[in-house]
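Before any comments, here is the structure.
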Amino acid sequence: MHRYFTDQRHEALRQRVRDFAESEVRPRIAEMEASRTVCHDLSRRIARQGWIGATVHRAYGGMGAGHVAKTLIIEELSRVSAAMGAMVQASQLGVAKIVHFGSEEQKKTWLPAIASGDCLPTIAVTEPQSGGHVLGMAATAVRDGDDYVLNGRKSYVGNSHVGDLHGVVVRTGEGSTGLSAFLVESGTPGFRVGPQRPAMGLHGFSFGELFFDNCRVPAANLLGREGDGLAVAYSSSVLYGRPNLTAVSLGIHQAVLDETSAFCAERQRYGKPLADLANIKLKLGRIQSRLLLARLSAYHAVHLLDQGLPCDAELMNAKLVNVESALESARDAMDIHAASALFTDRPIERFLRDAHHIFAPAGTSDVQLLRLGELALGRAKGEWSSRLAELLRLEPSEWPEDDHDDHDGPAPDAPDGAPVGEERATVPGQRTAPARQRS
């Protein structure tokens, strides 16, 4: 086993994602930074790689590769562009609600399209007035014959402007059992996306507003049962949102170290490289130390998730550690770069701006500490990783060593994205569909 709970097959996937990010994403960064708007074509190109389906069972066309694989995909994209890492994590977050609560018909309808990159899912929970207080939401759905009629507004929705299928949590009754979740297609009458607002960072990514004005949705689009909305929201946030955002922070953190180390090696002071100064080595050492701890916490948490073991606390802590340490390291990097960090020809200021965007979603650092404090006092209210363990636990499988081909999407007549007549490569420990017969 390699360090950080990966093996050679995970690392082969990492290299493929890294190569793609360098060749396809890095050349687009300047354009995304200048336009400060969502990058539709690049988002679609990334989706066609099949990576949105990292945790989608192979029976539904996905990779079935688990949360460790998902984490390294997000990390490697975020190392080059946190905006594109955020795009992938937001759609992978949108997968959770269908995997955990979708009916068999909903899974058969949507998961293959998501895995192939033809459909980008989102999840819409937050509202302008209630923020992170989920039970304070005001958007509603009222049953009308074979439909539900949705009214209200959602904000800070990741992939709002590129999403095709929105998982929307709204009120169907009173109290904590009065929330329900629905799948709403982007072209549905009565649904619209608000204008994209300029943001501090993550340029190329969108997290905007969705509006529902007598939006009629078939009752068949209800996820789970009426009253499951709170479970949909919380489980998605805990089991996907926190580790996904952890991975974005981790990618930014690695980029901070890479860029700052290179700067210190090339910049001269007092007739020698800046890296030879003791105070600079100390700052670089702090960045390196934080990164080692952050990486370990991130991969340990998702390794437990793949094993179906209780790990809500580890997921909370991983987000806390990664977000805070990435911000601290980015500020240290700004100090090392000094005035040169203030100009956009170097990416350090972008790293700091992007890192701030990961702080609030799926709970600020104070929220993570509050929940960890409740755990320490024995007041935790149960763990989603335990409740949904059977859906998270991965079974032993083989990943053929020779399956390393890149692709722009699933091959024709091969719903799981593998070449015709071959099984798709998967990571150890994943659940798989029954093996196909070879000719």
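For clarity, every value in this text was computed on a predicted model and none was experimentally measured.
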Task: Pairing residues for Phe351 by the ring-ring contact (aromatic ring centres under 6.0 Å, His included) criterion, not counting sequence neighbours - done: none
- [ ] Consider only side-chain N and O atoms of Asp312 and Ser385, and report whether a donor and an acceptor are under 3.5 Å apart.
- [x] yes
TODO: Kindly indicate whether the side chain of Ile358, heavy atoms from C-beta on, has any atom under 4.5 Å from the side chain of Leu245.
DONE: yes
Task: Residue pairs passing the salt bridge (charged side-chain N to carboxylate O under 4.0 Å, His left out) test where at least one lies in residues 167-185, sequence neighbours excluded - done: none
Open item on the list: Run the ring-ring contact (aromatic ring centres under 6.0 Å, His included) test against His166 and tell me which residues pass, sequence neighbours left out.
Closed with: Phe191
Open item on the list: Regarding Ser91 and Asn159, do their side chains bring together a donor and an acceptor under 3.5 Å, going by distance alone?
Closed with: yes
TODO: Please lay out, stage by stage, how Glu349 and Arg353 fare under the test salt bridge (Lys or Arg N to Asp or Glu O under 4.0 Å).
DONE: CA-CA 6 Å; Glu349 56 86 29; Arg353 287 187 286 107; 2.7 Å; yes
- [ ] Quick one: list whatever passes salt bridge (Lys or Arg N to Asp or Glu O under 4.0 Å) with Arg26, sequence neighbours left out.
- [x] Glu22
Open item on the list: Checking Asp213 now: which residues fulfil salt bridge (Lys or Arg N to Asp or Glu O under 4.0 Å) with it, not counting sequence neighbours?
Closed with: none
Show me the side-chain donor-acceptor pairs of residues 215-235 shorter than 3.5 Å, one per line, residues at least two apart or across chains.
| from | atom 1 | to | atom 2 | distance (Å) |
| --- | --- | --- | --- | --- |
| Arg216 | NH1 | Asp144 | OD2 | 2.9 |
| Arg216 | NH1 | Asp147 | OD2 | 3.4 |
| Arg216 | NH2 | Asp144 | OD2 | 2.9 |
| Asn221 | ND2 | Leu183 | O | 2.8 |
| Glu226 | OE2 | Tyr148 | OH | 2.5 |
| Asp228 | OD2 | Arg225 | N | 2.8 |
| Ser235 | OG | Ala231 | O | 2.6 |
| Ser235 | OG | Val232 | O | 3.4 |

Task: Residues Glu390, Arg393: salt bridge by 4.0 Å N-O rule - done: yes
Task: Gap separating the NE2 atom of His357 from the OG atom of Ser249, nearest 0.5 angstrom - done: 12.0 Å
Open item on the list: Quick check on Phe359: does its CZ atom have over 12 non-hydrogen neighbours (other residues, nucleotides or ligands) under 6.0 Å away?
Closed with: yes
- [ ] Sequence neighbours left out, what passes salt bridge (Lys or Arg N to Asp or Glu O under 4.0 Å) with Glu209? Give chain and number order.
- [x] Arg153
Open item on the list: I'd like to know if Arg14 and Glu11 make a salt bridge, using a cut-off of under 4.0 Å between side-chain N and carboxylate O.
Closed with: yes
TODO: With sequence neighbours left out, write down each residue that passes salt bridge (Lys or Arg N to Asp or Glu O under 4.0 Å) with Lys70, or none if nothing qualifies.
DONE: none
- [ ] Answer with yes or no whether the side chains of Glu33 and His203 bring together a donor and an acceptor at under 3.5 Å.
- [x] yes
Open item on the list: Could you work out, with side chain to side chain contact (heavy atoms under 4.5 Å, CB included) as the rule, every residue matching Leu370, not counting sequence neighbours?
Closed with: Glu374
Open item on the list: With a sphere of 6.0 Å drawn around CG of Asp146, does it hold more than 12 non-hydrogen atoms of other residues, nucleotides or ligands?
Closed with: no
- [ ] State plainly whether the residues Asp164 and Arg44 are in salt-bridge range, i.e. N to O under 4.0 Å.
- [x] yes
TODO: Can you run down the salt bridge (charged side-chain N to carboxylate O under 4.0 Å, His left out) pairs that involve residues 91-113, sequence neighbours left out, and say none if there aren't any?
DONE: none
Open item on the list: Apply side-chain hydrogen bond (donor to acceptor under 3.5 Å, both in side chains) to residues Arg16 and Gln49 and explain how you reach the verdict.
Closed with: CA-CA 10 Å; Arg16 292 198 295 277; Gln49 306 309 305; over 6 Å; no
TODO: Please list all pairs passing the side-chain hydrogen bond (donor to acceptor under 3.5 Å, both in side chains) test where one or both residues lie in residues 250-259, with sequence neighbours left out.
DONE: His253-Ser329, Gln254-Asp258, Gln254-Arg295
- [ ] Report the relative orientation of the aromatic rings in Phe5 and His303; use parallel for angles under 30°, tilted for 30 to 60°, perpendicular for over 60°.
- [x] parallel
- [ ] Return the set of residues passing side chain to side chain contact (heavy atoms under 4.5 Å, CB included) with Ala247 (not counting sequence neighbours), or none when no residue passes.
- [x] Thr71, Ile74
